Amino acid sequence: MTAQADGDFTVLVVCTGNMNRSALGHVLLDTWSDWYLPADTARQVSITSAGLRAPEGSTMGRRSRTIAEALGADGSAHRARQISEAAIRNADLVLVSSARQRDDVLGLVPGALRSTFTIREAGRIASLLDTSIAPTTTEEMRARVAKLAENRAMAPATGDRDDIVDPQGRDDDAYRLMARQEVPALTAIAGLLFGMPKAEAAAYEEAVEAARFGLEGEPEATGDGERPRGRRQA
């Protein structure tokens, strides 16, 4: 076990620059942990993120921040930081954006194997586990991470199903694809760890499939003229 044996429960979300994929995962999971967990438990949960080659102190990418805001999260305070061995060791769950990044993290801390998953891998496994009862303690949350590790064989990757596209330097469609690949997996993880209801997870998935997100001056509206939000508007 590389993470703390008791006390706070920490999630570390990782990508290359910590400006888009891991930043989006960070702010969404942070928002959802506050929404869905009991207040006393939420105070013991720390959502963090880092990049394997992060431009330290950089803000969240503009278009990724727009997507986060459309889904109800605030990315204005996010600042990129470089990953460290200590951050990996201190995390109860490490979520990376691609299979190669999982290998990179395990190259730094081989002992983190049981707690390290790609975002999409963890989402696939979580979607197959019973999440009808939300955890109420950090010990229960750690037990659910252990269930992810025990059930890897239930949801093996095929093709590029473990990877989330890196949109940096690409067009708006790449950012929308990032959201379509990442957000449904994050909602499955949030269901397992925080108790996000299945109906609300489905609302997020529908939102990212339909939304244009108002990138580059395009209309922000979905079919009804409102930006997708998820929980409060699901």
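Since the model is a prediction, treat every value here as computed from it, not as a measurement.
- Note that CD of Gln44 is 11.5 Å distant from CZ of Phe9, once rounded to the nearest 0.5 Å.
- The side-chain contact (heavy atoms from CB on, under 4.5 Å) test with His78 singles out one residue from Leu24, Asn18, Thr59, and that residue is Asn18.
- With respect to Arg63 and Asp172, a salt bridge is recorded, a charged nitrogen being found less than 4.0 Å from a carboxylate O.
- Summarising the local packing, CD of Glu206 is surrounded by 12 or fewer heavy atoms from other residues, nucleotides or ligands at distances under 6.0 Å.
- Under the side-chain contact (heavy atoms from CB on, under 4.5 Å) test applied with Met141, the options Val11, Leu37, Leu93 reduce to a single match, Leu37.
- Taking CZ of Phe194 as the reference point, atom OG1 of Thr31 lies at 10.0 Å (rounded to 0.5 Å).
- With sequence neighbours left out, the side chain to side chain donor-acceptor pair (under 3.5 Å) criterion links Ser64 to Asn20.
- Seen from the ring of Phe117, Arg152 counts as a face-on cation partner, given the 6.0 Å and 45° thresholds.
- Contact annotation: the side chain of Val14 approaches that of Val94 to within less than 4.5 Å [non-hydrogen atoms, C-beta and beyond].
- Under a 3.5 Å cut-off, the side chain of Asp8 and the backbone N or O of Thr10 do not form any donor-acceptor pair.
- Listed by chain and residue number, nothing satisfies the salt bridge (Lys or Arg N to Asp or Glu O under 4.0 Å) test with Asp130 (two or more places apart in sequence, or in another chain).
- Clustering ILVMFWY residues whenever any of their side-chain heavy atoms sit less than 4.5 angstrom apart, transitively, puts Tyr175 in the very cluster that holds Val13.
- Ion pairing between Asp162 and Arg124 holds under the 4.0 Å rule for side-chain N and carboxylate O.
- Using a 3.5 Å distance cut-off with no hydrogens or angles, the side chains of Arg21 and Thr16 do pair a donor with an acceptor.
- Rounded to the nearest 0.5 Å, atoms CZ (Phe213) and CD1 (Ile67) are 5.0 Å apart.
- Of the possible donor and acceptor atoms, none in the side chain of Glu205 sits under 3.5 Å from a partner among the backbone N and O of Ala202.
- The residues Glu56 and Arg79 are annotated as not salt-bridged, no charged nitrogen and carboxylate oxygen being separated by less than 4.0 angstrom.
- With sequence neighbours excluded, the residues forming a side-chain contact (heavy atoms from CB on, under 4.5 Å) with Asp171 are Asp173, Ala174, listed by chain and number.
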